[in-house]
Amino acid sequence: MKTLIGILLCSICIEAAAQNANPTLTSKFISLSGGRSTHGTGDMTGVSQRVTYGQYFRKKLFWFSAVGADIHDGKVLSTTTQDDGTVLDHSYRYTSGAIQITGGAGWSILRTSKSELGARISGILRYQSSSYFDQLAVTYDPQKIGPYPATFILHTSPQRTYAVGVGPEAFYQQSIFKLLFAGLSAGFQVDTNGDVLTNISLSIGKRIK
């Protein structure tokens, strides 16, 4: 453990020294990211993607804007087994999809011409369409309702919603060619519709002088 901590501290010192020794850094960037996402308490999983453009106005500070989309789905499992052993699926399946525009600012904790570690926070404008339910009950009574279960669904929330929100995120980027980079980010967002989303994404982008 002490050896690993020592290596990490040495790496940070080297990055910091390189940061101070290399003043010629690009001022703009554009990237495409995508990855795994969860919606709500984790009962809906899916994917998200985003296109981001950003520009530095200080050595370690930048603003950015992005447009993205995500889709999540899940189900309430309900099955019956027939006399011949066949299993029938009566599950209720639901999907939530959205597009959103984000904009915000970020801070690079360490920034060199080869790598970057930082955090950013964004404001969000989000449009979403969802078939998720507010209440659901499954009843199975072969004598009264037949051989299949009955599903009762109540929707009290609108299918289509508009919301504003906020989302913090941590990121790391590493150059793979002269001006191209690959990265990893992790974050979450909350909005006025009561939705909570988390995501872990990979990205590829280009630095622009």
Side-chain angles (χ1 to χ4, degrees), residues 1-39 42 45-72 98-126 164-191 195-209:
M1 177 62 73
K2 292 182 179 180
T3 302
L4 292 176
I5 294 175
I7 293 173
L8 179 60
L9 291 175
C10 289
S11 298
I12 292 174
C13 291
I14 291 171
E15 290 287 343
Q19 178 174 285
N20 294 329
N22 189 355
T24 59
L25 300 172
T26 56
S27 61
K28 304 173 185 178
F29 64 89
I30 187 169
S31 66
L32 171 65
S33 61
R36 184 181 186 275
S37 178
T38 64
H39 190 161
T45 59
V47 295
S48 63
Q49 65 83 28
R50 180 177 62 194
V51 178
T52 304
Y53 172 81
Q55 184 170 344
Y56 282 84
F57 57 92
R58 294 288 189 273
K59 184 177 181 180
K60 293 186 178 182
L61 299 176
F62 62 92
W63 64 263
F64 67 93
S65 61
V67 59
D70 57 79
I71 186 167
H72 303 83
I99 58 174
Q100 62 183 37
I101 299 172
T102 62
W107 173 50
S108 294
I109 301 170
L110 290 174
R111 183 183 180 216
T112 73
S113 60
K114 298 295 184 181
S115 61
E116 185 174 1
L117 174 67
R120 53 194 170 207
I121 188 166
S122 59
I124 301 165
L125 297 176
R126 180 177 176 86
V164 296
V166 63
E169 187 177 51
F171 68 91
Y172 176 77
Q173 297 171 351
Q174 178 67 45
S175 294
I176 52 177
F177 294 106
K178 183 176 181 180
L179 294 176
L180 297 180
F181 64 85
L184 174 67
S185 63
F188 70 93
Q189 67 179 61
V190 296
D191 63 38
D195 292 317
V196 179
L197 289 85
T198 64
N199 73 84
I200 299 177
S201 298
L202 297 175
S203 65
I204 187 167
K206 182 178 181 180
R207 297 185 177 96
I208 306 170
K209 292 183 178 181

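Below, all heavy atoms of this structure are taken into account, side chains as well, without hydrogens, waters or symmetry copies. Computed from a predicted model, the values in this text were never measured in an experiment.
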- Under the side chain to side chain contact (heavy atoms under 4.5 Å, CB included) rule, what do F181 and S115 come out as? Steps first, then yes or no, please. CA-CA 8 Å; F181 64 85; S115 61; over 6 Å; no
- Results of side chain to side chain donor-acceptor pair (under 3.5 Å) for S65 - residues two or more places apart only: none
- Task: Please lay out, stage by stage, how L180 and K178 fare under the test side chain to side chain contact (heavy atoms under 4.5 Å, CB included).
- Result: CA-CA 6 Å; L180 297 180; K178 183 176 181 180; over 6 Å; no
Sequence neighbours left out, cut at 3.5 Å: what donor-acceptor pairs do the side chains of residues 99-107 make with other protein atoms?
{"residue": "Q100", "atom": "OE1", "partner": "R126", "partner atom": "NH1", "Å": "2.7"}
{"residue": "Q100", "atom": "OE1", "partner": "Q189", "partner atom": "NE2", "Å": "3.1"}
{"residue": "Q100", "atom": "NE2", "partner": "Q189", "partner atom": "OE1", "Å": "3.1"}

- Query: Do the side chains of F57 and S27 get nearer than 4.5 Å, heavy atoms only?
  - Reply: no
- Over 12 non-hydrogen atoms of neighbours within 6.0 angstrom of CD1 in I200: no
- From OH (Y56) to NZ (K28), nearest 0.5 Å: 14.0 Å
- Message: Show, in sequence, the C-alpha distance, side-chain angles and deciding distance for T45 and T38, and conclude whether the side chain to side chain donor-acceptor pair (under 3.5 Å) test is met.
- Response: CA-CA 4 Å; T45 59; T38 64; over 6 Å; no
- Task: Evaluate the side chain to side chain contact (heavy atoms under 4.5 Å, CB included) criterion for residues I71 and V47: first the C-alpha distance (whole Å), next the side-chain angles of each, then the deciding distance (0.1 Å), finally the verdict.
- Result: CA-CA 6 Å; I71 186 167; V47 295; 4.0 Å; yes
- F29: ring pair (Phe, Tyr, Trp, His ring centres under 6.0 Å) partners, not counting sequence neighbours: F62
- If you take all heavy atoms of T198 and F188, which pair is closest and at what distance? CG2-CB, 3.9 Å
- Message: With a 4.5 Å cut-off on side-chain heavy atoms, are D70 and H72 touching?
- Response: yes
- Item | Approximate separation, where rounding is to 0.5 Å, of L110 CG and L117 CG | 5.5 Å
- Item | CZ/F177: more than 12 non-hydrogen atoms of other groups inside 6.0 Å | no
- Close side-chain approach of Q55 and W63, heavy atoms under 4.5 Å: yes
- Query: At what distance, to the nearest 0.5 angstrom, does CZ of F171 lie from OG of S108?
  - Reply: 4.5 Å
- Can L125 and V164 be said to form a side chain to side chain contact (heavy atoms under 4.5 Å, CB included), step by step? CA-CA 5 Å; L125 297 176; V164 296; 3.4 Å; yes
- Query: Listed by chain and number, what are the side chain to side chain donor-acceptor pair (under 3.5 Å) partners of R50, not counting sequence neighbours?
  - Reply: T52, E169
- Message: Measuring from atom NZ of K206 to atom CG of L179, what distance do you get when rounded to the nearest 0.5 angstrom?
- Response: 6.5 Å
- Query: So how far is it from S33 OG to L202 CG, rounded to the nearest 0.5 Å?
  - Reply: 9.0 Å
- Item | Reported CG-to-CD distance for the pair L184 and Q173, which is rounded to 0.5 angstrom | 10.5 Å
- Item | Sequence-distant partners of R207, salt bridge (Lys or Arg N to Asp or Glu O under 4.0 Å), two or more places apart | none
- Message: I want to check something: taking the side chain as every heavy atom from C-beta on, are V196 and H39 in contact at a cut-off of under 4.5 Å?
- Response: no
- With sequence neighbours left out, what residues match S201 under side chain to side chain donor-acceptor pair (under 3.5 Å)? N199
